[in-house]
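What you see is a predicted model; the values in this text were computed from it and never measured. So you know, we letter chains A, B, ... as the sequences are listed, proteins then strands, and number each from 1. Below, all heavy atoms of this structure are taken into account, side chains as well, without hydrogens, waters or symmetry copies.
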Amino acid sequence: MEPKHTRTLHARIISWFSEHARDLPWRHSDCSPWGVLVSEVMLQQTPVVRVLPVWQEWMQRWPEPASLAAEPSGEAVRAWGRLGYPRRALRLHAAAGEIAASHGGKVPDTHAALLELPGVGDYTAAAVASFAFGRRETVVDTNIRRVHARLVAGDALPAQSLTAAEKKRAVSLLPRDDAESVAWNASVMELGALVCTARSPRCGECPVLDDCAWVRAGRPEPHYVPKGQAWHGTDRQVRGAMMAVLRQADGPVLRELLLTGPVDLVAPEAGAELAPLAALHALSAPQEQLERALQGLLRDGLAEATDSGVRLPA
DNA sequence: GATACGTGGCC
DNA sequence: TGGCCAAGTAT
C-alpha cells in the first residue's frame with residue numbers, strides 16, 4: 001500500500017541525482033567492493049574532497065585487502081595522512097587481515113558479515129552491502145537523517161541520536177525494488193550533501209521543495225542547540241599533534257622529545273621535518289597531559305614503544 | 001546513552 | 001576570529 005506520494009518522491013529525487021550527482025571514483029561500476037569499503041571508512045566524519053586523493057593512493061598501493069594485510073599496520077596509519085581519526089586506518093588494516101584470513105580475500109557481501117569487521121558499524125555495513133553488492137539495505141547516515149527530518153518530519157535537524165522512530169521511517173521510505181533502493185540511498189545522501197545541507201540549505205535547487213514539511217511549516221528553528229566539539233586544550237589535540245610527529249618520522253622518536261624536549265635540542269636548520277614537533281611543543285600542554293596522550297596512543301595501537309623511542313607500528 | 005576520537009574549511 | 005560541521009564506531 002505504497003502511497004502515490006512516496007513513489008513521486010522516489011522518482012524525483014533519483015532523477016535529480018542522475019543529473020547532479022558528483023562523479024566520484026567509488027561510484028564507478030568498475031570500483032571493487034574493497035574500494036567501496038575503503039571509501040566508506042575514509043568518509044566517516046570526513047569530507048569527500050579530503051578523501052579523494054588519499055583513496056586514490058590507497059587503491060593504487062593496496063588494490064585488494066590482502067595487499068594491505070601484508071603490510072605493517074603503521075604503514076596504513078602513515079598513508080592515512082591527515083584524514084583524521086587514525087584509528088580508522090588501524091581498523092581498516094585489521095579488517096583487511098580478517099578478509100584475507102577468513103573470507104578468501106573477498107569483502108563479505110552481507111550486512112551481518114560486514115558488521116563483524118573492525119571499524120564497520122551499522123551505517124558502513126549497510127552502505128557497502130547496498131553500494132558494492134546492490135542489496136536492499138536501509139542506509140542511514142547524517143545526510144539522510146537530515147533530509148528525512150526536514151522533508152517528512154518538518155524539523156530543522158534530526159534528533160541528536162538515531163531514534164527507533166527515525167529508523168522505522170527510513171525503512172518505510174526505502175523503495176521495494178533492489179536496484180531502486182540502491183539509487184534511493186545514494187540519491188538522498190547526495191541531496192543532503194549538496195542541497196539539503198546543515199547550514200544554509202539550497203532550497204531553490206531542491207527537487208522536492210513542494211513536498212518539504214519543514215518548508216511548509218515555515219522553516220522552524222532546531223529544537224536544540226548543537227553542542228560543539230571541544231578541541232583546544234584537549235587530549236585529542238595533543239594526540240593529533242603527536243601522531244603528526246610520528247607519521248613524519250622515518251624511525252623511532254625519542255620519548256623525551258615527544259614528552260618534554262624543547263625544540264632547540266635539535267639543529268635549527270633541520271627545518272620542515274621538525275615542524276610537527278614544533279607544533280606539538282607550541283601547544284604547551286601540561287606534562288601530565290602529554291604522558292596521558294602518549295599512553296593513549298600506545299594503548300590504542302597507534303604507536304609502539306621500542307628501546308630507541310616511539311614509532312608507528314612496524 | 002554519553003563520551004572519546006582528528007582535521008581543516010567555511011561563514 | 002572561532003564555533004560549527006563532515007558518508008560514524010567503539011566503549
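- The distance between atom CD of A:Q45 and atom P of B:dT7, rounded to the nearest whole Å, is 14 Å.
- The nearest whole Å value for the distance from the CG atom in A:L280 to the P atom in B:dG6 is 14 Å.
- Between A:R146 and C:dA6 there is a side-chain polar atom (N or O) within less than 4.0 angstrom of OP1 or OP2.
- A donor and an acceptor atom sit less than 3.5 Å apart, one in the side chain of A:T46 and one in the base of B:dG6.
- Distance CG (A:L302) to P (B:dC5): 11 Å, rounded to an integer number of Å.
- Side-chain contact check for A:Q44 and A:Y123: no donor-acceptor pair (N or O, by modelled atom type) lies under 3.5 Å.
- If you check every strand for non-hydrogen atoms under 4.0 Å, A:A127 touches nothing.
- Under the 30°/60° scheme for interplanar angles, the aromatic rings of A:W62 and A:W58 are found to stand perpendicular.
- Remark: the backbone N or O of A:P158 is not paired with any side-chain donor or acceptor of A:D155 at under 3.5 angstrom.
- Across all strands shown, A:T142 has heavy atoms under 4.0 Å from sugar-phosphate atoms exclusively, and none from any base.
- Nearest-nucleotide assignment on DNA chain C puts the 5′-proximal partner with A:W26, out of A:R91 and A:W26.
- Contact annotation: side chain of A:Q229 to base of B:dA4, donor-acceptor pair absent below 3.5 Å.
- Separation of the P atoms belonging to C:dA7 and B:dA4 is 23 Å when rounded to the nearest angstrom.
- Counting non-hydrogen atoms under 4.0 angstrom, A:T124 reaches the backbone sugars and phosphates but no base.
- Side-chain nitrogen and oxygen atoms of A:R239 include at least one within less than 4.0 Å of the OP1 or OP2 phosphate oxygen of B:dG6.
- Residues A:L290 and A:A285 approach most closely at CD1-O, 3.8 Å, considering heavy atoms.
- Straight-line distance from the CG atom of A:L92 to the P atom of C:dG8: 15 Å, rounded to whole Å.
- There is no path of hydrophobic side-chain contacts, each under 4.5 Å, that joins A:V188 to A:L209.
- Proximity note for A:R199 (side chain, C-beta onward) versus B:dC5, C:dC4, C:dG8: the nearest is C:dC4.
- Atoms CZ (A:R299) and P (B:dC5) sit 7 Å apart, rounded to a whole Å.
- Look at the C1' atom in both C:dA10 and B:dG8: the space between them is 24 Å, to the nearest Å.
- In the set C:dG8, B:dG6, B:dT7, the nucleotide with an atom closest to the side chain of A:R236 is B:dG6.
- Spacing between atom CD of A:E40 and atom P of C:dA7 amounts to 11 Å, rounded to whole angstrom units.
- Residue contacts shown for A:L83 include a base, since a base heavy atom lies under 4.0 Å away.
- Map A:L43 and A:L115 each onto its nearest nucleotide of DNA chain C; the residue landing nearer the 5' end is A:L43.
- Each of A:S161 and A:G240 was matched to the nucleotide of DNA chain B holding its nearest heavy atom; the match closer to the 5' end belongs to A:S161.
- Contact between the side-chain N/O atoms of A:R247 and the OP1/OP2 oxygens of B:dT7 is found at a separation under 4.0 Å.
- Comparing the P positions of C:dC4 and B:dT3 gives a spacing of 16 Å, expressed to the nearest Å.
- Here the side chain of A:Q44 is nearest to one of C:dA7, B:dG6, C:dT9, namely C:dT9.
- Each of A:V310, A:L294, A:L283, A:L302 was scored for a side-chain contact (heavy atoms from CB on, under 4.5 Å) with A:M242, with one residue passing: A:L294.
- Distance noted for atom P between B:dG9 and C:dT9: 25 Å (whole Å).
- Taking 3.5 Å as the limit, the base of B:dT7 and the side chain of A:R50 contain a donor-acceptor pair of atoms between them.
- Within the nucleic acid shown, A:G121 comes within 4.0 Å of sugar-phosphate atoms alone, with no base atom in reach, counting heavy atoms only.
- Between A:R176 and A:R136 the shortest side-chain heavy-atom distance falls below 4.5 Å.
- The interatomic distance linking A:L194 (CG) with C:dA6 (C1') rounds to 13 Å, in whole Å.
- Side-chain N/O atoms of A:K227 include none lying less than 4.0 angstrom from OP1 or OP2 on C:dC4.
- Contacts of A:V139 with the nucleic acid, taken as non-hydrogen atoms under 4.0 Å apart, are absent.
- Counting any heavy atom pair closer than 4.0 Å across all strands shown, A:D300 reaches no nucleic acid atom.
- Atom pair A:W231:CH2 and B:dG9:C1' shows a separation of 15 Å (rounding to whole Å applied).
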